[in-house]
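See below for the structure under consideration.
Count residues from 1 along the sequence.
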Amino acid sequence: MTTSSSYTLPGVKHKVIGLVSGGKDSCFNLMHCVANGHEIVALATLTPEPGVDELDSHLYQSVGTHLLPLIAKSMNLPLYTRIIKGKAVSKGAEYGSRLRGGEGSGEKGDETEDLTELLKEVMSAHPEATALSSGAILSTYQRLRIEHVCSRLNLVSLAYLWQSQQMPLLNKMLSCGMEVVLMKVAGVGLGTKVVRKTLGEIMPLLTRLEQTYGSHPAGEGGEYETLTLSTPLFSHRLKLTKTKTIVTDPEPYPVAYLKVEDAELEAKEGWVKPTVQQLREMLGLDDDEPGQEGVDEDGLEILDEIKGDSDLESLNIVDKRQDKDIHQSGESSQGNSNGTPRFERRGRWFCVSVDRVTKEDQDVGEELKMCFDSISNTLKSHSLSLPLHSTHITLLLSSMSLFLPANTAYKTYFGTSPPSRATVAVPLQNNRVRIEIIGFDDTPTPSSSSSSSSSKLVGDRNALHVQSLSYWAPANIGPYSQAVMVNQRIHLAGQIPLLPPSLTLPLPPSEGSPYPHQAVLALQHVGKIIDVLKSRNYTGGGWEGWIESCVGWWAKPSSGDDVGDGLEVVRKAWMLWVEKTNSRRPPVIFVQAKELPKSALVEYQVNVHTGRKGVDPLPEISSTSIPQQSDSGEDDDVDEALIPSYSSGSDEGQEVWWELYECSGNNQGSRGVVFSSSKCAMGAHV
């Protein structure tokens with residue numbers, strides 16, 4: 001299938017393997033792949049053993065997969081199949097090891113590894129393939145396993161439906177001319193009579209079930225499965241000529257599927273393969289006005305207010321900026337660049353940093369490796385692990401031109417669910433790399449209770465690491481997560497204003513400043529990430545919480561053009577965004593960087609608290625250096641709601657000024673910003 005068109009789209013274009021079950025989501029995602037300029041080169045599917053219609057799989061749809069040869073024929077594409085032999089061995093919120101990634105890091109015997117072997121076969125026949133399409137919408141379980149396989153095979157995951165609102169998504173499928181029938185039902189309110197009905201016919205029922213029971217209208221809770229009879233990409237329509245309904249469990253809510261005994265293709269009279277531009281119009285992908293690309297409705301309100309503000313300097317923010325450009329810093333007050341890590345620990349929380357003098361002719365990747373190795377040795381001496389206990393890493397480089405070789409070395413140190421990260425180029429003294437790490441020791445507390453309870457890790461660490469291209473927020477294709485939550489504190493990765501479908505910056509405006517668009521888009525990404533973490537569909541979600549602190553980075557364009565006061569725009573955007581999303585004022589600092597990733601002009605690095613009570617991170621430390629759980633009954637109720645309080649002040653000589661955000665509750669910690677006459681710092685205090 002070709003996508004030749006004069007329609008030019010940003011970003012890298014891929015040769016795509018379509019992972020399809022025949023269901024609506026995987027087939028609809030193929031349309032989005034083509035609409036984004038990619039080319040489908042093959043289809044792939046996993047099926048149950050011959051003679052088995054329906055398989056109880058955590059990962060794959062099995063009903064109707066025997067009809068995939070007809071779909072492949074209607075798209076004029078080769079089809080590759082493999083029988084599902086594995087089981088759901090690894091059922092947790094993570095897949096693979098946090099210690100390492102790459103070949104051999106999967107779970108032996110897990111059904112995920114059937115996908116690995118299938119894709120190896122497809123890639124052998126199609127070495128040009130560089131990406132995989134899948135139809136994940138809300139299932140973190142499905143998405144992260146597909147992404148794990150993709151990362152091992154050097155494929156880019158394309159999941160454009162990720163985090164889509166379900167009813168609008170279904171309506172768009174129907175308006176695009178998709179024909180979909182229900183193949184299986186297994187949810188409340190869906191009886192055997194709706195099997196084989198079309199999606200359009202049951203839309204009113206799906207709406208009522210969502211309102212009454214909170215059911216997922218797109219079937220994301222396993223309520224139903226579908227078969228796609230036609231899309232604009234199909235040259236022929238599937239016609240089911242002989243079927244019967246099989247009931248596998250009549251009570252309490254019937255579980256039944258459609259057994260298709262015979263089917264055929266019928267030609268679509270006058271069918272013409274749609275162009276990329278036609279598909280984009282059909283899907284509503286080009287509705288944004290110039291200068292507003294990727295910005296949602298809330299963001300547009302902020303953007304309009306920034307652009308309409310004739311006096312950006314009239315902001316109620318204390319300005320501690322010195323009236324000079326960014327300059328080469330002097331000797332660090334925390335130690336010299338001798339390669340010896342600086343380590344501090346307060347209970348379970350710790351921080352460690354290191355830089356070292358650059359040696360002549362030394363590759364930057366080797367310099368970073370030496371930094372990480374020295375940190376790893378320091379952490380081991382405190383019974384800690386770099387990949388297991390790191391929560392957030394700030395990677396400071398002397399130039400963004402060093403990013404690619406540094407990142408190549410960086411990714412060898414982490415596997416599944418890596419720490420979040422912010423990468424910034426700043427002036428460094430005698431070195432090219434500085435690494436700063438915040439971490440949490442989740443080692444189980446020795447206890448006289450049962451071994452099962454004492455082996456549970458403390459703090460409930462989980463990471464949001466989305467590596468798929470979508471319309472949601474920028475994918476983190478690599479060794480860092482969008483966010484890591486541990487002990488009710490969340491460290492977000494630094495967010496820059498990339499357009500999620502292409503991972504490119506928006507084009508600068510023909511006139512005026514690029515800062516407003518970039519600032520609003522970067523903050524929109526922050527909000528999207530927080531919204532997922534808050535969602536009751538996400539592990540550990542269902543909270544309200546608050547923003548604890550922020551570092552707002554900004555840089556001047558590499559061209560040196562005068563495009564307005566970036567600092568004032570970055571500040572204004574932050575104030576307006578906080579007013580819309582957060583009722584309290586968090587501590588924030590704004591820092592000028594030499595450069596930001598991908599030549600972005602704005603980056604926001606945000607920390608969040610869920611508002612829930614975490615474990616006391618400051619108990620006594622035993623002789624084995626393992627923090628002990630407090631015996632206080634107050635610490636047992638981890639669901640206790642906390643209240644934040646803001647304070648600020650300065651010393652008598654006005655040489656030091658500070659902001660602080662404290663949590664109620666015993667030893668629940670705070671975040672603060674401290675400014676001095678020559679420098680500023682942000683830290684977490686417990």
Side-chain angles (χ1 to χ4, degrees), residues 1-21 25-45 71-72 75-80 115-116 118-137 142-164 231-233 273-280 282-283 285-286 293-294 404 407-408 411 465-479 498-505 598:
M1 170 179 277
T2 65
T3 58
S4 57
S5 172
S6 59
Y7 200 72
T8 302
L9 295 169
V12 176
K13 301 308 163 197
H14 294 284
K15 307 289 186 181
V16 181
I17 301 168
L19 180 62
V20 291
S21 62
D25 304 332
S26 59
C27 290
F28 194 48
N29 199 68
L30 293 180
M31 291 178 61
H32 282 273
C33 288
V34 177
N36 279 279
H38 308 300
E39 179 184 353
I40 315 297
V41 296
L43 299 182
T45 193
I71 290 179
M75 297 184 70
N76 193 29
L77 289 170
L79 173 67
Y80 297 82
L115 175 60
T116 306
L118 171 62
L119 293 179
K120 285 180 178 179
E121 178 187 348
V122 181
M123 293 175 70
S124 177
H126 297 273
E128 74 277 14
T130 55
L132 180 72
S133 167
S134 66
I137 301 176
Q142 180 189 55
R143 175 189 53 74
L144 68 85
R145 281 158 176 77
I146 291 173
E147 290 174 348
H148 192 275
V149 172
C150 285
S151 66
R152 287 152 53 192
L153 299 179
N154 294 316
L155 292 171
V156 174
S157 175
L158 306 177
Y160 291 106
L161 311 189
W162 177 247
Q163 290 299 312
S164 294
T231 82
L233 298 181
K273 183 169 56 184
T275 66
V276 171
Q277 186 167 0
Q278 287 172 336
L279 281 173
R280 293 186 68 82
M282 194 181 299
L283 296 169
L285 299 182
D286 290 328
E293 293 88 347
L404 288 179
N407 197 53
T408 299
K411 67 183 181 182
H465 187 201
V466 180
Q467 302 181 69
S468 300
L469 294 188
S470 68
Y471 305 114
W472 166 67
N476 286 3
I477 305 177
L498 296 177
L499 297 170
S502 61
L503 294 184
T504 60
L505 291 171
K598 292 185 176 288

Got a second to check how far [X]'s [atom1] is from [Y]'s [atom2], nearest 0.5 Å?
X: Met75; Y: Lys273; atom1: CE; atom2: NZ; value: 9.5 Å
X: Ser133; Y: Leu43; atom1: OG; atom2: CG; value: 9.0 Å
X: Ile71; Y: Leu79; atom1: CD1; atom2: CG; value: 9.0 Å
X: Ile17; Y: His126; atom1: CD1; atom2: NE2; value: 8.0 Å
X: Lys13; Y: Thr8; atom1: NZ; atom2: OG1; value: 9.5 Å
X: Leu119; Y: Leu132; atom1: CG; atom2: CG; value: 5.5 Å

Is the side chain of [X] donor-acceptor paired with the backbone N or O of [Y] at a distance under 3.5 Å, no angle test?
X: Ser124; Y: Lys120; answer: no
X: Asp286; Y: Arg280; answer: no
X: Glu147; Y: Gln467; answer: yes
X: Thr45; Y: Val20; answer: yes

Please examine the side chains of [Y] and [X], heavy atoms only from C-beta on, and report whether any two atoms are closer than 4.5 Å.
X: Leu30; Y: Val16; answer: no
X: Thr231; Y: Phe28; answer: no
X: Asn36; Y: Ser502; answer: no
X: Ser468; Y: Arg143; answer: yes
X: Asn29; Y: Ser134; answer: no
X: Val156; Y: Thr130; answer: no
X: Met282; Y: Pro232; answer: yes

What do you reckon, is NZ of Lys15 surrounded by more than 12 foreign heavy atoms closer than 6.0 Å?
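No.
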
Taking all atoms of both residues into account, what is the closest heavy-atom pair of Asp25 and Gly135, and its distance?
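That closest heavy-atom pairing would be CB-O, 3.3 Å.
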
Taking ring-ring contact (aromatic ring centres under 6.0 Å, His included) as the definition, give me every residue that meets it alongside Tyr471, ordered by chain and number, with sequence neighbours left out.
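For Tyr471, the residues satisfying ring-ring contact (aromatic ring centres under 6.0 Å, His included) (neighbours in sequence not counted) are His32, Tyr160.
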
Consider side-chain contact (heavy atoms from CB on, under 4.5 Å). Of Leu279, Ile40, Asn76, Leu77, which one does Leu233 pass it with?
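Only one of Leu279, Ile40, Asn76, Leu77 forms a side-chain contact (heavy atoms from CB on, under 4.5 Å) with Leu233, namely Leu279.
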
Over 60° means perpendicular and under 30° means parallel, so classify the ring planes of His14 and His38, tilted if in between.
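Rings of His38 and His14: tilted, as their planes differ by 30° to 60°.
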
